[in-house]
Amino acid sequence: MLIVTSISELQREISRVSPSQKIGFVPTMGALHSGHESLIQRAVTETDFVVVSIFVNPLQFGKNEDLDQYPRPLEQDKAICKQLGVKLLFTPSVTEIYPSEEETTIVNPPTAMTSVLCGKYRQGHFQGVATIVTKLFNLVCPNVAYFGQKDAQQVAIIKKMTKDLNIPVKVQSCPIIREKSGLALSSRNQYLSSEEKEKATLLYRSLSKAQRAFQEGQRDCQKLLQIVKEEFRSPQTPLNKGGLNLDNSLNKKSLNLNDSLNKKGLNDINIQLQYVEVVEPETLQPLTEISDSALIAIAAYIGNTRLIDNVILTVTKPIIALDGPAGAGKSTVSRRLARELGYIYLDTGAMYRAITWLVMENNINVEDEESIASLVANVQLELLPSDNLQIPVTVKINGQDITKEIRTPRVTNQVSKVAAQSAVREKMVALQQEYGAKGGIVAEGRDIGTNVFPHAQLKIFLTATPQARAKRRLIDLQNQGESNIDLDTLIKEIEGRDYLDSTRAIAPLKKAEDAIELITDNLTIDQVIEKIKSYLILVQS
């Protein structure tokens with residue numbers, strides 16, 4: 001890992017990065033925790049050259065805020081970055097970033113976005129954030145920049161800023177990482193005593209109670225806000241029987257704080273709700289009724305420490321993302337699950353097979369990326385419901401029904417090579433996200449949870465041994481009339497395909513961090529579906 005402290009060094013190293021490599025960028029103020037680590041890990045997974053910056057930006061601190069006390073464990077942060085695979089760490093001084101004693105140019109986002117939520121109480125904060133982020137974007141020139149959803153207002157403002165200023169970077173927001181108690185991870189959590197940390201669970205507990213009311217049908221924002229405020233009026237109220245039920249994958253591991261909440265001294269801790277608001281997630285404007293989606297955001301003081309948190313409320317049904325290697329049963333499980341739930345089945349594998357068939361039908365070499373990119377640019381691909389569970393979907397490409405043609409060994413043996421090409425993946429991902437925009441879908445593939453729907457409410461990694469998958473494939477082929485295929489050949493083909501899928505440069509096969517792994521060797525289809533439905537109930541509760 002390269003460590004640079006000057007802008008000139010940074011620019012020199014960035015200039016050496018190949019244009020064919022995708023740069024991922026994670027800007028931080030240091031004091032790295034598991035939340036930061038999740039951003040870095042995602043950047044390492046999705047991009048080729050990851051840059052992390054550590055800079056405590058004075059422009060975003062007010063006169064009475066904690067600039068001088070902000071934690072700066074630089075050596076520890078360096079070790080974390082190196083371990084996670086960061087290529088370049090930028091750790092400039094304040095004078096390096098703001099060398100002039102004169103007043104610097106300030107980036108001023110729309111007042112409507114900076115004067116609400118935290119902006120009401122932190123004058124100039126978001127102008128400081130926008131200024132440093134713009135400067136860093138100009139220096140690093142990233143393709144993708146990663147930010148945590150805990151700072152939802154910051155993410156919305158940066159997305160608006162990059163769009164308005166035509167900065168060529170994709171701003172990727174990533175899920176909040178929480179402690180088992182539900183407390184959102186933050187560098188400022190270091191300020192909290194153990195007793196204060198117990199009290200701080202009140203933020204997420206109150207949001208969760210409002211979220212449950214929303215899931216039960218409450219759409220009136222004032223009533224949702226009242227639920228949160230009532231929790232703060234009686235902070236000693238014990239948790240629900242059985243605990244909050246949270247973990248990182250489903251936010252559902254039992255947490256029993258009933259006894260600890262009544263520890264001696266907890267009643268003396270100052271708790272002050274600064275604000276709780278329900279706003280539109282992108283514009284940050286207040287809502288009175290939720291018709292589509294909303295952000296319920298909160299800020300509160302626990303002792304002398306100011307904490308923030310939020311949850312997204314979405315009217316649409318959840319997205320269920322099933323990833324896993326070929327032959328693990330994703331298609332069978334997905335189409336059955338979709339039918340039983342009344343969801344749409346999105347057969348992403350069929351989409352890539354369709355493109356592969358079209359490439360071969362046009363006598364294009366599967367490694368001729370330029371010709372394939374031209375071919376898919378204007379392709380018309382349709383997935384239509386099928387009443388026959390033995391046929392995943394009806395697939396049409398440019399108006400032609402090719403449902404049977406895409407399931408032949410000829411297509412199967414070439415689909416990984418075609419699917420790995422950037423032009424094909426960009427086209428297919430865009431189509432898949434269009435299908436998923438309204439929610440209520442079951443999507444399966446090899447990078448659904450990590451790339452296509454990273455914010456899917458439920459992610460399952462369905463897998464099985466190559467031997468088990470080969471036996472299933474053999475049965476499928478025999479049912480299609482194929483008789484010249486033996487089991488050993490299929491095992492070798494599956495192992496080879498696993499290798500290609502897991503090592504390809506673009507969106508390789510990988511289990512999402514927050515996905516649940518299901519090994520299906522000894523499970524029936526019915527058992528797998530029942531397990532997934534039970535996980536869905538937990539997600540929605």
Rounded to the nearest 0.5 Å, what separates atom [atom1] in [X] from atom [atom2] in [Y]?
X	Y	atom1	atom2	result
Ile106	Thr131	CD1	OG1	4.0 Å
Lys163	Met161	NZ	CE	14.0 Å
Gln433	Phe453	CD	CZ	6.0 Å
Thr314	Gln215	OG1	CD	10.0 Å
Gln69	Arg188	CD	CZ	11.0 Å
Arg205	Glu231	CZ	CD	6.0 Å

Do the side chain of [X] and the main chain of [Y] share a donor and acceptor less than 3.5 angstrom apart?
X	Y	result
Thr520	Thr463	yes
Lys330	Glu444	no
Asn310	Gln149	yes
Asp151	Gln154	no
Thr47	Val44	no
Asp77	Leu32	yes
His455	Ser173	yes

Are [X] and [Y] close enough that some pair of their side-chain heavy atoms sits under 4.5 Å apart?
X	Y	value
Arg219	Val315	yes
Pro27	Phe147	yes
Leu536	Ile532	no
Ile320	Tyr535	no
Val140	Ser53	no
Tyr301	Gln274	yes
Gln153	Arg122	no
Ile290	Cys221	yes

Check ion pair [X]-[Y] (N to O, under 4.0 angstrom):
X	Y	value
Lys510	Asp323	no
Lys511	Glu517	no
Glu340	Lys533	yes

Would you kindly say whether [X] and [Y] are connected by a side-chain donor-acceptor distance under 3.5 Å?
X	Y	value
Gln222	Gln226	no
Asn57	Tyr98	yes
Tyr70	Glu65	no
Glu46	Tyr146	yes

Counting neighbours of [atom1] on [X] that are heavy atoms of other residues, nucleotides or ligands and sit closer than 6.0 Å, is the number greater than 12?
X	atom1	answer
Lys150	NZ	yes
Leu185	CG	yes
Gln285	CD	yes
Asp164	CG	yes
Gln83	CD	no
Lys22	NZ	no
Glu103	CD	no

Non-hydrogen atoms of [X] and [Y] that approach each other most closely:
X	Y	result
Ile448	Ala321	CG2-CB, 3.3 Å
Ile158	Val129	CD1-CG1, 4.3 Å
Gly436	Ile319	O-CD1, 3.7 Å
Val333	Leu462	CG2-CD2, 4.0 Å
Leu383	Tyr435	N-OH, 3.3 Å
Leu295	Ala152	CD2-CB, 3.7 Å

What verdict does the side chain to side chain contact (heavy atoms under 4.5 Å, CB included) test give for Glu37 and Ile40, after you've listed the backbone C-alpha separation in whole Å, the side-chain angles of each residue and the deciding distance to 0.1 Å?
CA-CA 5 Å; Glu37 290 178 23; Ile40 296 171; 5.6 Å; no

Before giving the answer on side chain to side chain contact (heavy atoms under 4.5 Å, CB included), spell out for Leu307 and Asn189 the whole-Å C-alpha distance, their side-chain angles and the decisive distance to 0.1 Å.
CA-CA 8 Å; Leu307 301 176; Asn189 289 357; 3.6 Å; yes

With side chain to side chain contact (heavy atoms under 4.5 Å, CB included) as the test, would you mind laying out the steps for Ile298 and Phe232 before giving the verdict?
CA-CA 11 Å; Ile298 191 172; Phe232 271 81; 3.5 Å; yes

Go through it in stages, so that I can follow the logic: the residues are Lys427 and Leu381, the test is side chain to side chain contact (heavy atoms under 4.5 Å, CB included), and I'd like the CA-CA distance, side-chain angles, deciding distance and then a yes or no.
CA-CA 10 Å; Lys427 179 71 173 181; Leu381 180 59; over 6 Å; no

